[in-house]
Amino acid sequence: MKIMPSIPKALEPVTEDFLRRTALSRAGEGDLCGVSVSHLTLTEENLSGMALRHAEMTACRFIGCDLSGADWADARFQRCDFSGCNLSNASLRRCIFTDCKGVGLQCIDGAALEIVLENCLLDDSNIVSCAVRKAVVSRCRLRQARVAECTLGKLELEQLDCTRATIFHTPLNGLDFTDVILDGLVANPETLQGILVTRDQAADLAPLLGLRVAP
């Protein structure tokens with residue numbers, strides 16, 4: 001699956017003016033369109049409702065920031081840190097996240113369409129009541145992440161570590177988990193129906209389905 005954000009080659013650097021431009025965006029007086037932001041660090045800032053279009057962020061740190069209601073489309077994020085951020089009610093479309101971090105990130109009632117996560121660290125993240133369609137998730141770690149009551153469609157999963165993750169009431173039917181580490185996974189039986197796994201994975205998951213495997 002190829003996902004290609006529409007990002008112009010020439011972008012306007014706005015790192016020093018980021019907060020002012022974001023405030024205007026939140027006030028409905030424009031958005032961050034055709035911009036680049038790099039090496040910016042913000043802690044516990046209220047950035048709710050931030051609109052970002054045809055843009056790129058590199059080596060930015062948003063630690064514990066409120067990004068609820070974010071509206072991002074056609075954007076690329078490289079080496080950015082969203083640890084502890086609130087992305088509830090966010091809308092992401094045609095976004096690529098590479099070498100990013102989101103430990104303890106929270107997203108409730110969010111929506112993502114055509115996104116790529118590459119080599120991202122999302123341990124202890126909390127993803128609830130979100131809709132994700134057309135996504136590529138590759139070489140990512142989601143240890144002890146919690147996923148509940150989500151709707152997923154057309155996901156490509158490659159080299160994921162979901163050790164001790166919890167997945168509840170999130171149908172995974174038809175998804176290929178053969179390249180996913182599922183050690184210590186906690187899930188309800190309905191969630192696991194119809195997934196593709198290896199023989200070894202099937203033996204590990206059997207107790208969750210109420211099955212006993214003969215030696």
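In this chain, residues are counted from 1 in sequence order. Values below: all heavy atoms of this structure, side chains included; hydrogens, waters and symmetry mates excluded.
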A.B. asks: For a 4.5 angstrom cut-off between non-hydrogen side-chain atoms, does Leu47 reach Leu19?
C.D. replies: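 When only atoms from C-beta onward are counted, Leu19 and Leu47 do touch, with a gap below 4.5 Å.
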A.B. asks: Please determine whether a side-chain nitrogen of the Lys or Arg among Glu12 and Arg21 lies less than 4.0 Å from a carboxylate oxygen of the Asp or Glu.
C.D. replies: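 Yes, charged N to carboxylate O under 4.0 Å.
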A.B. asks: Taking only residues two or more places apart in sequence or in another chain, which ones pass side chain to side chain donor-acceptor pair (under 3.5 Å) with Asp71?
C.D. replies: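 Side chain to side chain donor-acceptor pair (under 3.5 Å) check on Asp71 returns Arg53, Arg93.
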A.B. asks: Is the number of heavy atoms from other residues, nucleotides or ligands under 6.0 Å of Met1 CE greater than 12?
C.D. replies: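 Enclosed.
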A.B. asks: Looking only at side chains, do Ser83 and Asp81 share a donor and an acceptor under 3.5 Å apart?
C.D. replies: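 Distance-only check passes for Ser83 and Asp81.
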A.B. asks: Can you tell me how far CG of Asn126 sits from CZ of Arg146, rounded to the nearest 0.5 angstrom?
C.D. replies: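 If I round to the nearest 0.5 Å, the distance is 5.5 Å.
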A.B. asks: Per the salt bridge (charged side-chain N to carboxylate O under 4.0 Å, His left out) rule, what does the pair list look like for residues 120-136, sequence neighbours excluded?
C.D. replies: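 Checked against salt bridge (charged side-chain N to carboxylate O under 4.0 Å, His left out) - neighbours excluded - the pairs reaching residues 120-136 are Asp123-Arg141.
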A.B. asks: With sequence neighbours left out, write down each residue that passes side chain to side chain donor-acceptor pair (under 3.5 Å) with Asp99, or none if nothing qualifies.
C.D. replies: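 Scan of Asp99 (side chain to side chain donor-acceptor pair (under 3.5 Å), adjacent residues dropped) gives Asn119.
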A.B. asks: Determine whether Arg20 and Val14 satisfy the following criterion, side-chain contact (heavy atoms from CB on, under 4.5 Å), listing intermediate values before the conclusion.
C.D. replies: CA-CA 10 Å; Arg20 186 186 70 84; Val14 296; over 6 Å; no
A.B. asks: Please enumerate all residues that pass side-chain contact (heavy atoms from CB on, under 4.5 Å) together with Cys95, with sequence neighbours excluded.
C.D. replies: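 Scan of Cys95 (side-chain contact (heavy atoms from CB on, under 4.5 Å), adjacent residues dropped) gives Trp72, Ala75, Phe77, Leu92, Phe97, Ile115.
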A.B. asks: Applying salt bridge (charged side-chain N to carboxylate O under 4.0 Å, His left out) as the test, list every pair that has at least one member in residues 172-182; sequence neighbours left out.
C.D. replies: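 Residue pairs with at least one partner in residues 172-182: there are none.
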A.B. asks: If only side-chain N and O atoms count, and only distance matters, is there a donor-acceptor pair under 3.5 Å linking Thr98 with Glu118?
C.D. replies: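 The criterion, which ignores hydrogens and geometry beyond distance, is satisfied for Thr98 and Glu118.
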A.B. asks: Restricting to side chain to side chain donor-acceptor pair (under 3.5 Å), what partner residues turn up for Asn89, sequence neighbours left out?
C.D. replies: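 Here no residue qualifies.
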A.B. asks: Met57 versus Leu52: any side-chain heavy-atom pair under 4.5 Å?
C.D. replies: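 A side-chain contact under 4.5 Å exists here.
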A.B. asks: Determine the minimum heavy-atom distance between Ala59 and Cys80, stating which atoms define it.
C.D. replies: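 Smallest heavy-atom distance, with atoms named: N-SG, 4.0 Å.
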A.B. asks: When you group the ILVMFWY residues by side-chain heavy-atom contacts below 4.5 Å and let the links chain together, are Leu205 and Leu196 in the same group?
C.D. replies: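 Different clusters.
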A.B. asks: Do the side chains of Leu157 and Leu152 join up, straight or via other hydrophobic residues, at under 4.5 Å, putting them in one cluster?
C.D. replies: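 Looking at the clustering, Leu152 is in the same group as Leu157.
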A.B. asks: Supply the atom-to-atom distance Cys65 SG to Leu42 CG, rounded to the nearest 0.5 angstrom.
C.D. replies: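 Going from the SG atom of Cys65 to the CG atom of Leu42 covers 5.5 Å.
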A.B. asks: Is there any ring pair (Phe, Tyr, Trp, His ring centres under 6.0 Å) pair reaching into residues 20-48, and which pairs are they, with sequence neighbours excluded?
C.D. replies: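 Checked against ring pair (Phe, Tyr, Trp, His ring centres under 6.0 Å) - neighbours excluded - no pair reaches residues 20-48.
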A.B. asks: Only one of Lys154, Lys2, Arg94 passes side-chain contact (heavy atoms from CB on, under 4.5 Å) with Glu114; say which it is.
C.D. replies: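 Per the side-chain contact (heavy atoms from CB on, under 4.5 Å) rule, the option paired with Glu114 is Arg94, out of Lys154, Lys2, Arg94.
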A.B. asks: Which heavy-atom pair separates Ala135 from Val132 by the least distance, and what is that distance?
C.D. replies: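 It is CB-CG1, 3.8 Å.
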A.B. asks: Quick one: does Thr22's side chain have a donor or acceptor within less than 3.5 Å of a partner on Phe18's backbone?
C.D. replies: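 It does hold such a pair.
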A.B. asks: So how far is it from Ile96 CD1 to Leu117 CG, rounded to the nearest 0.5 Å?
C.D. replies: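 The distance works out to 10.0 Å.
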A.B. asks: Applying side-chain contact (heavy atoms from CB on, under 4.5 Å), run through Glu158 and Glu156 and close with a yes or a no.
C.D. replies: CA-CA 7 Å; Glu158 177 185 348; Glu156 292 185 6; over 6 Å; no
A.B. asks: Please name all residues satisfying side-chain contact (heavy atoms from CB on, under 4.5 Å) with Arg199, sequence neighbours left out, ordered by chain then number.
C.D. replies: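 Once residues adjacent in sequence are excluded, Arg199 has no partner under the side-chain contact (heavy atoms from CB on, under 4.5 Å) criterion.
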A.B. asks: Verify the cluster assignment for Leu87 and Leu113: are they in a single hydrophobic cluster under the rule of side-chain heavy atoms below 4.5 Å apart?
C.D. replies: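 The answer is no; the residues belong to distinct hydrophobic clusters.
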A.B. asks: Are Leu11 and Val35 side-chain neighbours, meaning at least one heavy-atom pair lies under 4.5 Å?
C.D. replies: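 No - every pair of side-chain heavy atoms lies 4.5 Å or more apart.
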A.B. asks: Mind checking whether Val116 and Val180 sit in one hydrophobic cluster, side chains of I, L, V, M, F, W, Y counted as touching below 4.5 Å?
C.D. replies: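 Different clusters: Val116 never reaches Val180 through Ile, Leu, Val, Met, Phe, Trp or Tyr contacts under 4.5 Å.
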A.B. asks: Side chain of Glu56, backbone of Val37: donor and acceptor closer than 3.5 Å?
C.D. replies: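 Not confirmed, Glu56 side chain does not pair with Val37 backbone.
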A.B. asks: Given side-chain contact (heavy atoms from CB on, under 4.5 Å), test Val103 with Leu121 step by step and report yes or no.
C.D. replies: CA-CA 7 Å; Val103 174; Leu121 181 63; 4.1 Å; yes
A.B. asks: Name each donor-acceptor pair under 3.5 Å that joins a side chain in residues 164-175 to protein atoms two or more places apart or in another chain, with its distance.
C.D. replies:
{"from": "Thr170", "atom 1": "OG1", "to": "Glu149", "atom 2": "N", "distance (Å)": "3.1"}
{"from": "Thr170", "atom 1": "OG1", "to": "Cys150", "atom 2": "N", "distance (Å)": "3.0"}
{"from": "Thr170", "atom 1": "OG1", "to": "Phe168", "atom 2": "O", "distance (Å)": "3.0"}

A.B. asks: Can you tell me if Thr151 uses its side chain to pair, donor with acceptor, with the backbone of Ala131 under 3.5 Å?
C.D. replies: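 Checked: no pair found.
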A.B. asks: With sequence neighbours excluded, tell me which residues meet side-chain contact (heavy atoms from CB on, under 4.5 Å) with Ser68.
C.D. replies: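 For Ser68 the side-chain contact (heavy atoms from CB on, under 4.5 Å) partners, ignoring immediate neighbours, are Ser48, Asp66, Asn86.
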A.B. asks: Which distance, rounded to the nearest 0.5 Å, do you find between the SG of Cys100 and the CZ of Phe62?
C.D. replies: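 These two atoms lie 10.0 Å from each other.
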A.B. asks: Show your reasoning for whether side-chain contact (heavy atoms from CB on, under 4.5 Å) applies to Leu192 and Val197.
C.D. replies: CA-CA 10 Å; Leu192 300 176; Val197 295; over 6 Å; no
A.B. asks: Partners of Pro189 by side-chain contact (heavy atoms from CB on, under 4.5 Å), sequence neighbours excluded?
C.D. replies: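 side-chain contact (heavy atoms from CB on, under 4.5 Å) check on Pro189 returns Leu209.
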A.B. asks: Using the test side chain to side chain donor-acceptor pair (under 3.5 Å), find all partners of Ser38 that sit at least two apart in sequence or belong to another chain.
C.D. replies: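 With sequence neighbours excluded, Ser38 shows a side chain to side chain donor-acceptor pair (under 3.5 Å) to no residue whatsoever.
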A.B. asks: Please check if Leu105 and Leu40 belong to a single hydrophobic cluster, counting links between Ile, Leu, Val, Met, Phe, Trp and Tyr side chain heavy atoms closer than 4.5 Å.
C.D. replies: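 Leu105 and Leu40: one cluster.
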A.B. asks: For the atom pair NZ (Lys101) and CD1 (Ile63), what is the distance rounded to the nearest 0.5 Å?
C.D. replies: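 One gets 7.5 Å once the value is rounded to the nearest 0.5 Å.
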A.B. asks: Side-chain contact, heavy-atom cut-off 4.5 Å: Arg143 with Asp161?
C.D. replies: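 Answer yes - side chains close enough.
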A.B. asks: If you measure from CD on Gln106 to CD1 on Ile127, what distance do you get to the nearest 0.5 Å?
C.D. replies: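 Reported value, rounded in 0.5 Å steps: 10.5 Å.
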